[in-house]
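Inspection log for the structure reproduced underneath, given as structure tokens.
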Amino acid sequence: MDITTELEGNILIARLAGELDIETVQAFREKVVPETERPGVKTLILNLNKVSFIDSTGIGAILGRYRFLEKKGGKVLLVGLKAPVKKIIKMAGLLEIMPEYSSEEKALNEIGEGRIA
Amino acid sequence: MDITTELEGNILIARLAGELDIETVQAFREKVVPETERPGVKTLILNLNKVSFIDSTGIGAILGRYRFLEKKGGKVLLVGLKAPVKKIIKMAGLLEIMPEYSSEEKALNEIGEGRIA
Amino acid sequence: MGNHAHISMLSRSNNVGLARLAAASFASELDFTLNELEEIKVAVSEAVTNCIIHAYPLEEGIIEIDMRIEGEELIIVVEDKGVGIEDVEAVLQPNYSTKEEHMGLGLAFIDSFMDRFELSSEPGKGTIVQMYKTPEKLKNRKEAIS
Amino acid sequence: MGNHAHISMLSRSNNVGLARLAAASFASELDFTLNELEEIKVAVSEAVTNCIIHAYPLEEGIIEIDMRIEGEELIIVVEDKGVGIEDVEAVLQPNYSTKEEHMGLGLAFIDSFMDRFELSSEPGKGTIVQMYKTPEKLKNRKEAIS
Ligand SMILES: Nc1ncnc2c1ncn2[C@@H]1O[C@H](COP(=O)(O)OP(=O)(O)O)[C@@H](O)[C@H]1O
Ligand SMILES: Nc1ncnc2c1ncn2[C@@H]1O[C@H](COP(=O)(O)OP(=O)(O)O)[C@@H](O)[C@H]1O
């Protein structure tokens, strides 16, 4: 799993590539979790465009960030879900609590226009 | 292994996609071999652009077509070798007897200009 | 006779990918769609992950993965010799987990993605998950004929 | 303790891909380049193909693939209980094949792509191919230090 993160003001963008499972969730914990814990960070845009596989461990990691940010009044936005990944995320009920966008730009626009914040 | 073939006059173009090994060589035998046996066919352009893996079984299949066509005064031309595939083909000595081109067009041009025939 | 392959491996996180890939490769002999192969990958991933997290929480153990094709059916059995399950009925409830930070989604995914599955376990002895799946295409064909 | 996984499978052509993928997945725990992982795939493919063609020419048998990591070294052992090899020295010659339509490239590829390999066989009992490989990066690092 390759992970890069970028801070845009109070918005954290995390881009994941590869398979998110019990092996690679470790990288998520090391690279994404501490960034969401920075003071001020409320919104996480999770770009899963290059994620080809996810299972319940990956779902657990995303949900963990959602719960953490929700307490701070924040949100998690999902970007670029491939069909197999989307199926799992949907079945787990995540799409009911996290909006989904086709690109980072669209997600950023929504936040900018204050619909989500 | 996905295989498509196309006849351009006496030139057979075969396009392979996938992994060429002991499992898939069967498809090569069924789809490519009979086409090379058509009367008149002397030249085989083998497009391996979408082949991600080859082993000695695949080498054997290609060499078999070379030997068959050589007897008819023909040739095998290779197109679009990916790095790992090229390494194996080179190690097996195939590049010493079969010219390699970056595209089908270039291979066809060479034949057209009579440098190979 | 149908195809057969068996994997024994240590209960390490970095072996889950191997199990999943091997299962999808084995299954591809049958006429599964890419979508169905992805479902098989998820199911195997969940069963193997459960062995790592639940069956062998403290020390590494062996996970056995048996893969068979019988007729047009894929049968995958994941077995551990770990702690076992006290109350099998309870863990089969959706969203049930004995670990606080877990969500109880694993068995639910297996249930959704395989045609059927059986869970058998003995506390202190280990757990067996048997999973069955036939390609949809084939089921449709059979229905069309009958 | 190093990682360990073992595969037993029928000597069928459509299991070669499984063996190759599993080996590459297992090997990826070490710091191999993509190029080296491809080399491992070829070596495993050749060893397993030999079992299918040579060891069990008439009827299916079992192929055992043992994969270990010891320190920074990958050890893959492919074993069959097939016909065995009469003259091990002879088959190790490049371009030597006991089958007319074959080219004797398989063992040569294994030799090129792995750091070292050992072939042992007993006629009528079976054959064992042991293959070893350490990531180049690591070898360079060690040389730089010493
Ligand atoms: N192989 C196993 N060994 C022991 N317990 C298991 C095993 N598989 C599942 N369980 C039990 O079943 C429960 C539900 O499993 P699952 O649905 O995968 O959810 P989760 O893994 O999130 O807890 C687990 O919390 C655990 O108690
Ligand atoms: N597992 C095996 N069982 C029996 N014979 C084998 C085995 N592996 C290799 N051999 C023998 O070694 C020879 C050389 O093998 P190889 O270099 O792979 O070339 P090829 O497979 O093209 O013959 C084979 O022709 C065969 O006689």
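Every value quoted in this text rests on a predicted model; they were computed, and no experiment measured them. By convention in this document, chain letters (A, B, ...) are assigned in the order of the sequence lines, proteins followed by strands, and residues within each chain are numbered from 1.
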Problem set entry | Closest heavy-atom pair and its distance - Gly17(D), Ser25(C) | C-OG, 3.9 Å
Exercise. Asn3(C) versus chain D, heavy atoms under 4.5 Å apart: side chain, backbone, both or neither?
Worked result: both
Seminar exercise, completed: Nearest heavy-atom contact between Leu18(C) and Ala5(D) is CD1-CB, 4.2 Å
Exercise. Just how far is it from atom CG of Asn15(C) to atom NE2 of His4(D), taken to the nearest 0.5 Å?
Worked result: 10.0 Å
Problem set entry | Whether over 12 other heavy atoms sit under 6.0 Å from Glu86(D) CD | no
Problem set entry | Heavy-atom neighbours of Lys125(C) NZ exceed 12 at 6.0 Å | no
For this session: Name the member of Glu29(C), Met9(C), His6(C) that forms the most heavy-atom pairs with chain D at distances under 4.5 Å.
Result: His6(C)
Exercise. What residues of residues 40-71 of chain C sit under 4.5 Å from chain D when only non-hydrogen atoms are counted?
Worked result: Glu60(C), Met67(C)
